[in-house]
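Worksheet: one structure, shown below.
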Amino acid sequence: MRLGIQVLPFIFSFVSSQVISSPQPEPFTDFTNYIIWNPAADALPDESLVITWENYPLEPPLVNHPIYRSVDGGSTWTNYSAVEDQVNDWGMRFQPNLYTLPEDFGGYAAGSILAAGVSTPFSLEGGVYIDLYVSEDKAATWTFVSHIVYGDGPETIQNGNDALWEPWLMLYNGQLVCFFSDQRDPAHSQKLVHVTSTDLQTWSDPVPDAVNSIQADRPGMTTIAHIESTDSYIMTYELCGAASCAVHYKVASSPLEFDSAPAIQLISNDTNPIQPRGSPYVVWTEHPDRTDGSGLIIASSASAEVVFVNEDAADPAGWKSVDVGMWSAYSRGMRIVTLQEKKKLFFTNGGNMGNPAYNSIACGVVEIPR
Ligand SMILES: *[C@@H]1O[C@H](CO)[C@@H](O)[C@H](O)[C@H]1NC(C)=O
Ligand SMILES: *[C@@H]1O[C@H](CO)[C@@H](O)[C@H](O)[C@H]1NC(C)=O
């Protein structure tokens, strides 16, 4: 998921108590559960907020990844632009991910926004690309950059189909890394891998991040956070198959070396422990109440409204559940954003599939949970 939303590795049924939107928030106030559009989401940083999601209007015209923008802390949103397929004539169909370049890279200035997403035909047959687009004008217009990776399809979760899902971008050590879910290896129903590029034009062969020995296991939906105080990286993912999409995580000193790190199931340290399932997301932020540089890891999943907060060591016994009042979603993206010079946790909820009544885009801005 991720950043994404989707044609899913797994379908959850949710009983959400309500889908009534909160009233429109005042600009730059905290709020939760404010519905801004139907259906599904992913997010981006800065004082101006930009979000995207996969969307299923009737075709033609081909589907695109809408870009909505807010310049008042999430209070009002406008349909700002769209990432449209400029090369395949298939549409931009699934699981968009946005990433702002923190430094000049690949011929693009710092602040340029990269968008990766899955392009495949409406029939889901004939091939699939994870494609990369860029905006050099703060999300107003988008230009094709390169094909990151190709599969023969069909783009379904059926075993044996060469499908690709759920790109997640991150710059590391002079390389742009694209993490994704890879169905192309017949030895594994699905595995998690990454490819790298130094110029955004050519991409390496895939390198494994999470691969289970049992063929039917399906690790999926990589997201990663940098734990700055320890200069280590945490990766969360769902483990579908026998583990019923239980959220797992790995910690490594390099985001390119998760494969050899042990997989740990994320379970809350409540008296009645919560085992979150599906569509995890993870972020890190400096602790708002400390000055020693230590921070908090915040994880989210589709099956729980609470978030899971841990100290920088990511101790398996340290996942504290915190209710921030935000609906769960398939899927729920998180970003640490700075609004009027204060760090906040920004949620972007996609739909929960199934009943259209539960399939809206909602967002929320809350204090850093702790
Ligand atoms: C948003 O605007 C784009 C053009 O940039 C258009 O293609 C799209 O249909 C609009 N989407 C919605 C949901 O209004
Ligand atoms: C749960 O983890 C938090 C750290 O995130 C810790 O402060 C708290 O004491 C733990 N609770 C239990 C019951 O172990």
Side-chain angles (χ1 to χ4, degrees), residues 1-3 30 32-33 43 45 168 170 209-210 219 221-239 243-255 257-258 261-329 331-339 342-349 364-370:
M1 213 201 220
R2 312 57 337 25
L3 227 188
D30 295 359
T32 54
N33 304 328
W168 201 88
M170 175 180 153
D209 298 313
M221 300 187 81
T222 299
T223 69
I224 291 164
H226 182 206
I227 303 167
E228 290 178 17
S229 66
T230 59
D231 198 17
S232 55
Y233 293 81
I234 181 168
M235 163 188 182
T236 58
Y237 60 101
E238 60 184 21
L239 181 56
S244 301
C245 300
V247 173
H248 283 64
Y249 69 100
K250 295 181 169 195
V251 177
S253 58
S254 159
E257 291 167 13
F258 282 119
I264 303 168
Q265 188 182 348
L266 194 163
I267 302 176
S268 80
N269 68 10
D270 295 293
T271 310
N272 296 309
I274 302 169
Q275 300 189 32
R277 295 182 189 282
S279 314
Y281 211 100
V282 67
V283 294
W284 181 88
T285 188
E286 282 171 19
H287 198 295
D289 306 327
R290 297 181 194 156
T291 52
D292 61 0
S294 67
L296 294 168
I297 303 164
I298 305 167
S300 165
S301 103
S303 69
E305 294 199 353
V306 293
V307 293
F308 303 94
V309 180
N310 207 336
E311 301 283 333
D312 292 351
D315 179 351
W319 293 102
K320 181 172 77 168
S321 65
V322 180
D323 184 359
V324 293
M326 188 72 197
W327 297 325
S328 61
S331 57
R332 186 168 75 177
M334 297 187 296
R335 295 278 173 155
I336 303 296
V337 296
T338 303
L339 295 172
K342 202 160 182 305
K343 283 194 176 166
K344 300 278 184 170
L345 178 61
F346 175 52
F347 287 100
T348 49
N349 283 25
V365 176
V366 301
E367 291 286 328
I368 304 297
R370 51 200 189 265

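This chain uses plain numbering: 1 for the first residue, then up along the sequence. Counting starts at 1 for both ligands and their atoms, following the listed order. Because only heavy atoms are used, hydrogens play no part in the values below, and waters and symmetry mates are left out as well, while side chains stay in.
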When you pair each N or O of ligand 2 with protein N or O atoms, which pairs come out under 3.5 Å?
unit_1: ligand 2; atom_1: 2 (O); unit_2: Asn269; atom_2: ND2; d: 2.3
unit_1: ligand 2; atom_1: 2 (O); unit_2: Gly318; atom_2: O; d: 3.2
unit_1: ligand 2; atom_1: 5 (O); unit_2: Val309; atom_2: O; d: 3.4
unit_1: ligand 2; atom_1: 5 (O); unit_2: Gly318; atom_2: O; d: 2.6
unit_1: ligand 2; atom_1: 11 (N); unit_2: Asn269; atom_2: ND2; d: 3.0

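The salt bridge (charged side-chain N to carboxylate O under 4.0 Å, His left out) search around Asp323 returns none, not counting sequence neighbours. Lys342 pairs by the salt bridge (charged side-chain N to carboxylate O under 4.0 Å, His left out) definition with Glu367, not counting sequence neighbours. Every residue was checked against the ring pair (Phe, Tyr, Trp, His ring centres under 6.0 Å) condition with Phe308, not counting sequence neighbours, and none meets it.
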Set out, in order, the CA-CA distance, both residues' side-chain angles and the distance that settles side chain to side chain contact (heavy atoms under 4.5 Å, CB included) for Ile224 and Phe258, then state yes or no. CA-CA 10 Å; Ile224 291 164; Phe258 282 119; 3.7 Å; yes
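Between Met326 and Arg332, the shortest heavy-atom contact is O-NH1, 3.2 Å. For Ile234 against Tyr249, the heavy-atom pair with the smallest separation is CD1-CD1, 3.7 Å.
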